[in-house]
Protein chains: 2
Amino acid sequence: MNLKQLSEMLGLSQTTVSRALNGYPEVNEATRERVLRAVQETGYRPNKAAQRLATGKAGSIGLVMPTAPGHYSDVHFGEFLTGLGEEAVRHDFHFVIMPADPDDEVGALRRLAISGNVDALFVAYMRGHDPRLPLLKSLSMPFLVHGRSYGIEPDYPYLDIDNEGAFYDATRLLLQLGHTRFCLLNGPEHLDFAIRRKKGVVSALAERGLELPENCTSHMSMTDEHGQFAMERFLQLPEPPTAILCSSTVLALGAIRAVTQAGLKLGEDISLIAHDDVLPHLKPENFSVPLTTTRSSLRAAGVRIAERLIGTVKQDGPFPEQELWKTELIVRASTGAAPR
Amino acid sequence: MNLKQLSEMLGLSQTTVSRALNGYPEVNEATRERVLRAVQETGYRPNKAAQRLATGKAGSIGLVMPTAPGHYSDVHFGEFLTGLGEEAVRHDFHFVIMPADPDDEVGALRRLAISGNVDALFVAYMRGHDPRLPLLKSLSMPFLVHGRSYGIEPDYPYLDIDNEGAFYDATRLLLQLGHTRFCLLNGPEHLDFAIRRKKGVVSALAERGLELPENCTSHMSMTDEHGQFAMERFLQLPEPPTAILCSSTVLALGAIRAVTQAGLKLGEDISLIAHDDVLPHLKPENFSVPLTTTRSSLRAAGVRIAERLIGTVKQDGPFPEQELWKTELIVRASTGAAPR
DNA sequence: GTTCGTTGTCAAAGCGCTTTGGAATTTCGG
DNA sequence: CCGAAATTCCAAAGCGCTTTGACAACGAAC
């Protein structure tokens with residue numbers, strides 16, 4: 001069933017039917033109802049490809065999914081996607097996901113953009129001096145980034161959380177509890193959030209005249225294995241840390257295993273604060289020792305990003321160009337006074 | 001830059017350029033090279049929407065992502081998607097993801113199919129008597145399901161793992177170790193895999209004249225919280241179990257917490273076998289007591305499914321209609337002889 | 001020298017929709 | 001009752017691509 005058949009059936013022109021369907025004012029209400037009823041009965045659906053070709057609008061937003069044989073799927077990615085989806089479904093939008101080798105994200109992004117398959121682009125996992133940003137700016141297609149890119153003038157639309165502030169606050173809390181030996185379990189070094197979180201820690205420490213030694217920070221992709229491994233190394237230092245900052249509850253999972261296996265008690269011998277993306281399957285309050293966390297829902301960010309992106313495409317705006325969300329610092333049992 | 005401009009630039013007709021690009025034989029090699037070079041220089045990309053409209057092929061496979069405000073994002077979904085993506089990227093395919101309310105998956109699937117946006121459909125989280133199956137069959141569009149639908153004649157293309165066999169074998173192992181009191185922590189009751197796993201357990205027990213009482217099985221969505229909660233209940237039974245079967249390592253995470261908090265030792269007081277989907281962030285060998293598991297990689301399934309689906313669209317076939325993968329039973333420290 | 005394949009190219013007809021620019025028809029103020 | 005404005009509808013022109021059917025041009029075969 002296509003427009004032509006439908007219009008013939010109704011004895012109307014394609015124009016009128018099309019207008020009736022798309023809510024244009026210049027069509028008689030009675031006619032519109034007749035059309036709508038016929039659509040119901042026949043189950044007619046406009047062909048999206050044709051619609052797209054005619055309007056240039058696709059009703060979809062594009063994103064690149066980094067993937068490769070050795071590449072781990074990231075829990076955070078799935079959670080974020082759910083948030084995007086939750087909002088998209090309300091507007092009858094969908095996503096076009098272009099899987100791409102992590103080494104070719106720029107190329108994949110460009111291909112996605114000029115494929116004509118999407119109205120807007122979304123980009124995450126920002127890095128310092130991210131090479132995708134110049135591309136995006138040159139593309140004349142709406143886009144939104146999750147995070148920011150350290151070292152690049154923030155003159156692009158983004159939504160980010162205050163990573164630096166979060167880890168600054170967390171570090172301050174641990175300092176107030178009397179801790180002086182800190183370690184940081186961070187995400188991959190080149191990622192923007194990792195850079196900023198480290199800055200937060202460093203500047204809080206600096207206020208007390210303390211430093212974060214190189215051998216007390218660890219950059220890695222955020223799996224529990226890596227967390228365990230890094231923590232084990234930290235515990236073997238001549239002066240092991242009493243305070244741990246952790247970029248993810250997933251990393252914390254492994255780190256805590258190392259702590260426990262070393263016979264140490266979390267919240268007594270060692271205090272730990274992790275950043276909590278509110279992953280539904282990994283709640284900090286469910287850890288055997290509930291975790292003190294800096295919290296910001298990844299999923300909520302997804303919802304908001306979809307909202308802005310779709311709004312931009314539909315010209316529902318205006319939206320603020322940039323948003324910086326504060327995180328919450330939630331104290332639970334994994335932090336305590338420094339042992340003496 | 002579009003075809004028309006490109007062909008004018010080259011002094012050729014659109015036909016010839018199109019053919020040169022799509023590898024048709026009736027074009028002079030020299031001409032083809034000229035065209036290819038011009039494409040390089042101009043960065044011309046065919047408009048996908050137009051291509052789709054003309055050919056009817058979209059180069060994409062569609063899937064429905066269940067999502068709603070209260071709906072948990074599922075780790076398994078992300079992992080599976082990564083597998084799909086890994087294969088898709090090799091063929092320059094992409095996914096169209098339609099987010100949908102879990103209550104309206106049938107509707108979403110139909111809309112996706114007739115939107116003309118996809119060449120093939122993929123469906124997962126199969127249920128018993130799944131209502132999507134009749135729809136899919138009536139749709140005259142290639143599809144593939146992950147899992148099967150208990151109660152429906154398996155005359156559709158699927159890829160599944162031998163859930164029943166896996167849990168039969170696992171149960172047998174525990175029986176051989178002398179266990180007699182079993183509990184099953186299963187996924188949601190209506191899901192096909194849950195039905196089959198339960199069957200596996202029940203039939204292994206039946207061979208020894210044992211039964212699986214109703215109050216010793218628990219159906220729930222697979223989060224660690226639920227695992228913990230269910231396990232706590234089991235441990236309060238008048239005759240608590242010594243052998244636990246668990247449909248996911250995520251559930252096991254919670255269950256083990258309950259076991260530990262009850263002061264029991266895993267692998268001594270209680271034996272546990274979980275199904276392992278090979279989630280990269282949750283490796284059974286990294287549990288404080290390494291887990292005995294039935295293993296089958298969700299991601300590998302994703303790769304294979306994409307391979308079959310894309311192959312079907314491209315007519316690269318023939319592929320087997322149905323595949324049933326065996327799982328591996330891997331013994332680690334969480335299973336031991338029944339306490340006496 | 002005519003006929004017949006080949007080979008390389010092209011013009012034009014869609015694919016199913018939106019939208020422009022009118023053309024009928026109705027409404028209404030004066 | 002007339003002309004103008006408002007209302008309702010339509011024919012046709014794209015959107016950018018693929019594909020069909022035809023047509024030169026050129027040897028080879030008779």
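All chains are named by letter (A, B, ...) in the order of the sequence lines, taking the proteins before the strands, and each is independently numbered beginning at 1.
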Name the residue from B:D192, B:D130, B:D160 that meets the salt bridge (charged side-chain N to carboxylate O under 4.0 Å, His left out) definition with B:R148.
B:D160
By nearest-heavy-atom nucleotide on DNA chain C, the more 5' of B:R19 and A:L21 is B:R19
Of A:N2 and B:T31, the one whose closest DNA chain C nucleotide lies more 5'
B:T31
Could you tell me whether [X] atom [atom1] has more than 12 heavy atoms of other residues or ligands within 6.0 Å of it?
X: A:Y125; atom1: OH; result: yes
X: B:F122; atom1: CZ; result: yes
X: A:R32; atom1: CZ; result: yes

Just the endpoints, please: which first and last nucleotides of DNA chain D, 5' to 3', lie under 4.0 Å from a heavy atom of chain A?
D:dT8 to D:dG16
Only one of A:F80, A:W325, A:F77 passes ring-ring contact (aromatic ring centres under 6.0 Å, His included) with A:H146; say which it is.
A:F80
Do side-chain atoms of A:D119 reach the backbone of A:A58 as a donor and acceptor pair under 3.5 angstrom?
yes
May I ask you to list the residues of residues 51-58 of chain B, by number, that have any heavy atom positioned under 4.0 Å from an atom of DNA chain C?
B:L53, B:A54
According to a strict under-4.0 Å criterion, is B:S13 in side-chain N/O contact with OP1 or OP2 of C:dA11?
no
Once you round to the nearest 0.5 Å, how far does CD1 of B:I61 lie from CE of B:M141?
11.5 Å
How many Å lie between CZ on B:R34 and P on C:dG8, as a whole number?
14 Å
Tell me: OH of A:Y24 to P of C:dT20, nearest whole Å?
8 Å
We want to know whether A:N47 and B:R52 form a side-chain donor-acceptor pair, criterion being a heavy-atom distance below 3.5 angstrom.
no
